[in-house]
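Below, all heavy atoms of this structure are taken into account, side chains as well, without hydrogens, waters or symmetry copies. Only a predicted model underlies this, so the values are computations on that prediction, with no experimental measurement involved. Here is the naming used below: chain letters follow the sequence lines, and residue numbers restart at 1 for every chain.
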Amino acid sequence: MTHGGTALPAALAALAVSTALGAAVAELTRIEVTIARHRRAATAALVATDTCVAEVVTALAPGWDFGGVLAGADGRPGTADDGVLAAPAGCAADAEAPPGPAAPPRLLVRFEARAGGGRRLVETLVGRDPAPAVPALLWLGALPPPGAITGTVTLDGSDADEPSSAEWSSLAAPDDPAMLDRWLAGEAGVAVSPRTASAMAAAAPPFEALRARLRAAGAAGAEALVGAASPPPTLAAVDGDLAIAGALHGAGVLLVTGTLDIQGRLDFTGIVIATGGVRVERGGSFAVSGAVWSGPSLAVEGVLALRHSGSAVATADGLLPLPRRAVLLGLRDVG
Amino acid sequence: MSRGLRGTGVVELLVGTALGLVVLTMLTATVASGARLLVSAGARGEAEDTAQLVVEAFTFDARRAGWDPAGAGVRPVTDAQASRIAFNADLDGDGAIDPASEETAAYVCAVGAARLSRIIGRQSLPLADGVTACAFRYLDAAGTPIPIPPGGLDAATRDTVHAVALDLVLLPSGLRGRSERTVLVALRSRP
């Protein structure tokens with residue numbers, strides 16, 4: 001008698017079905033893993049692009065328009081470097097003028113970044129901040145060396161006239177904000193009020209352009225600093241160093257193309273710009289309601305007191321339009 | 001009948017059949033279980049893909065809201081309700097918004113219909129089905145949620161919106177676990 005049965009065919013059929021099911025699950029898993037990998041690459045590239053946008057926009061020099069940016073590093077329009085912006089590794093940025101009217105000044109910047117195997121293209125619109133200046137009490141062209149402050153420095157980012165207004169930063173310079181905060185914390189004699197924001201990154205102040213604009217505006221000289229308190233706001237520009245030996249007051253905008261050397265006392269309401277740096281000698285006192293924009297040389301052996309004053313900055317801006325930070329006005333993902 | 005005859009008795013046949021049935025039942029159950037796993041894994045993958053697609057589409061439209069290369073004063077958000085949001089972007093840079101083009105993008109949560117739709121111009125595209133919860137939130141410059149009145153935010157309040165958020169829960173049929181996403185996007189046109 002022949003032994004027949006269904007066990008073997010059934011087992012084989014079950015094995016075939018199970019194999020097909022297993023293959024389907026494996027294929028499904030493979031597809032999902034591939035999709036996830038692509039999404040991760042796209043996300044990594046997007047993060048890299050956004051980081052690049054933030055770094056490039058922050059690094060754009062404060063100013064009044066974007067003519068210098070469009071002219072490129074050589075400052076001459078019509079050359080190969082027109083609109084090419086310095087960007088971090090793995091990223092490229094090119095700028096051009098956007099369509100529409102020239103005012104308000106705007107910039108169309110295209111970014112391309114690669115990271116994690118992905119690539120993203122982003123277009124951005126960059127404009128100038130409506131608020132004047134950089135929101136920092138002390139805006140430096142470069143970070144001074146450690147030990148620059150041996151006297152007393154007090155920084156208060158709250159506005160006495162507008163307590164609800166945004167707090168200003170203690171310090172701005174073209175460096176990593178964490179490094180700026182570390183430098184400030186490492187200096188003896190520095191007192192920062194609790195209502196002062198952390199340090200911020202900002203390109204160096206446009207000293208040359210400010211000097212030219214002040215000259216064009218017919219700024220007075222050192223005589224604008226007077227002995228009487230609360231003088232009217234005015235524009236003042238001093239070529240070379242300026243030493244303050246007595247007790248003087250000033251308001252508006254003061255530009256010193258050399259070093260501002262405080263041996264006596266200077267109380268100022270507005271913006272003090274010292275291209276060559278600021279030195280407050282032992283026994284000297286320098287108090288500013290507004291902001292100080294200084295070159296890299298900062299030495300404080302006496303007393304330096306800075307307090308945010310929105311009204312003082314607005315008055316200074318009324319006398320001489322102050323430079324504005326570059327800010328992001330819009331963004332769109334292209335690919 | 002000779003005692004030397006060989007063959008299969010009734011009892012042996014019954015036992016064999018029973019054993020075969022048991023084995024077949026186990027095999028069938030195993031195969032069915034595998035099939036259910038496959039269907040479930042496929043549905044789960046599709047649900048997660050759908051949720052991720054919603055996040056990517058919403059992020060894409062919110063990031064470019066207010067794109068205004070011509071400086072024409074394009075308002076990024078033109079409708080801000082808990083169940084509906086509309087974005088504007090001057091994509092061709094002509095200084096005007098064409099309501100029939102992709103320069104307008106809206107999202108509508110229809111929880112009653114278990115659907116989230118994306119409306120580009122005048123074309124409505126179902127983005128996700130199986131929606132069990134869906135809502136938009138609006139945050140001001142300080143990151144504080146803005147209360148939404150029944151009719152949605154008025155124009156003045158919409159101008160204070162600095163970030164928009166979408167909370168989405170999907171529960172496609174056949175799945176027990178929910179797919180949840182919350183995405184918060186800053187409006188890049190707000191300096």
Proximity breakdown for [X] and chain B, heavy-atom pairs closer than 4.5 Å:
X: Leu125(A); value: both
X: Thr29(A); value: neither
X: Leu46(A); value: side chain
X: Val17(A); value: side chain
X: Leu331(A); value: both

Heavy-atom pair count under 4.5 Å with chain B, highest-scoring of Ala20(A), Pro98(A), Pro99(A)
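Ranked by contacts with chain B, first place is Pro99(A).
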
Contact origin within [X] toward chain A - heavy atom pairs under 4.5 Å:
X: Val31(B); result: both
X: Leu91(B); result: both
X: Asp49(B); result: both

side-chain contact (heavy atoms from CB on, under 4.5 Å) between Arg120(A) and Phe111(A), worked out:
CA-CA 8 Å; Arg120(A) 293 296 283 249; Phe111(A) 291 87; over 6 Å; no

Could you give me the CA-CA distance, side-chain angles and deciding distance for Asp333(A) and Arg64(B), then say whether salt bridge (charged side-chain N to carboxylate O under 4.0 Å, His left out) is met?
CA-CA 7 Å; Asp333(A) 298 294; Arg64(B) 73 181 185 185; over 6 Å; no

Can any side-chain N or O of Glu103(B) pair as donor or acceptor with the backbone N or O of Asp98(B) at less than 3.5 Å?
yes

Determine whether a donor-acceptor pair (N or O, by modelled atom type, separation under 3.5 Å) exists between the side chain of Arg325(A) and the backbone of Pro62(A).
no

Axial cation check for Phe66(A) ring with Arg128(A), 6.0 Å and 45° limits
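Checked: cation-pi criterion met.
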
Hey, are Arg84(B) and Asp79(B) close enough for a salt bridge, meaning a charged N less than 4.0 Å from a carboxylate O?
yes

Can you establish whether the number of heavy atoms outside Arg44(B) located under 6.0 Å from its atom CZ is more than 12?
yes

For chain A, find which of Ala35(B), Gly95(B), Gly93(B), Gly66(B) contributes the most heavy-atom pairs closer than 4.5 angstrom.
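Max contact count across the listed options: Ala35(B).
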
